[in-house]
Amino acid sequence: MMLESERQSVVDACRFMQDKGLVVGTAGNVSIRVDDLVVISPSAVPYEELTAADVGVHRLDGTPVEARLKPSSELPLHLSVYHATDVGAITHNHAPASTAMGLVCDEVPCSHYYSAMFGGPIRVAPYAEFGTGDLARNVTDALADRKGALMSNHGAITTGPNLAKALDLLPYLEYICEVQLRAMWTGRPVKILSAEQMADAADGMSTYTPTSLDADHS
Ligand code: 13P
């Protein structure tokens, strides 16, 4: 089986989304780009039953290379994002706060500094039916210069240079939306960070990584 470890990573990512409550049923899909190929979850397969062999390999024009099941209905969306950007992986979920936020705004304001992880305010792509070219276009536009977007009346999407990074962002996106929603429920004005504060947060987070203090003891 070609690209077996990438196919298994797609299965693991789908299970992660399910374990974290970011999807219900067979909602959501995951893909990885490997050179001019796309490894993508199949359509409508319950995640408990999903195996690496169910995950298909397609060309960037959508033609199957090694796939025994129909690919995710969002293959056009994944392909559109790969054509428009150099990202290496895409995850799509139907997490409740992300989906709810997409119903009440066109952009998630920067109320939490974590928005800097996504490149700024997170846009909400206008609604189009799932699996359509219109949805693919709307979401690709909403992702311009961003690592995530909401999909109106539908869910959320994140991208990354690899699957681990794209997947890491999903719970943060859900958290940002959950916090903003809770703040809005109070009916009180929500404090929004300035462009300068966001730029500083982006700077700070660029060095937010486990750092050894060994050098201090030498
Ligand atoms: P698939 O099972 O076809 O990937 O569809 C799930 C989904 O979330 C559609 O947007």
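Atoms within each ligand, like the ligands themselves, are counted from 1 in listed order. Only a predicted model underlies this, so the values are computations on that prediction, with no experimental measurement involved. If you read the sequence from its start, that first residue is 1, and numbering goes on from there. In what follows, every heavy atom counts, from backbone to side chain, and hydrogens, waters and symmetry copies are set aside.
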[X]: numbered ligand 1 atoms lying under 4.0 Å from its heavy atoms:
X: H154; result: 10 (O)
X: G28; result: 4 (O), 6 (C), 7 (C), 8 (O)
X: H92; result: 8 (O), 10 (O)
X: T26; result: 2 (O), 6 (C)
X: S72; result: 1 (P), 3 (O), 4 (O)

Inset, instruction - Please lay out, stage by stage, how I176 and F118 fare under the test side chain to side chain contact (heavy atoms under 4.5 Å, CB included). - result: CA-CA 11 Å; I176 289 168; F118 296 87; 3.6 Å; yes
Can you report which non-hydrogen protein atom sits closest to [atom], along with the distance?
atom: atom 10 (O) of ligand 1; answer: E74 OE2, 2.6 Å
atom: atom 7 (C) of ligand 1; answer: N29 ND2, 3.5 Å
atom: atom 5 (O) of ligand 1; answer: S73 OG, 3.2 Å

Inset, instruction - Check if K70 has a non-hydrogen atom at a distance under 4.0 Å from any atom of ligand 1. - result: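 False for this residue.
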Inset, instruction - Please state whether M151 comes within less than 4.0 angstrom of ligand 1, counting heavy atoms only. - result: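 Distance cut 4.0 Å: M151 fails for ligand 1.
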Inset, instruction - Using distance alone, determine whether A44 and ligand 1 share an N or O pair under 3.5 Å. - result: yes
Inset, instruction - May I ask you to decide whether R7 forms a salt bridge with E66, counting only side-chain N to carboxylate O separations under 4.0 Å? - result: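 Answer for the salt bridge query: yes.
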Inset, instruction - For the pair D134 and R137, find out whether any cationic side-chain nitrogen is under 4.0 Å from an anionic carboxylate oxygen. - result: yes
Inset, instruction - Indicate, with yes or no, if the rings of H78 and H92 have centres closer together than 6.0 Å. - result: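 No.
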Legend entry - Side chain to side chain, R59 and L37, heavy atoms closer than 4.5 Å: yes
Report yes or no: do [X] and [Y] form a side-chain donor-acceptor pair below 3.5 Å?
X: T91; Y: T158; result: yes
X: T51; Y: D54; result: yes
X: Y82; Y: S31; result: yes

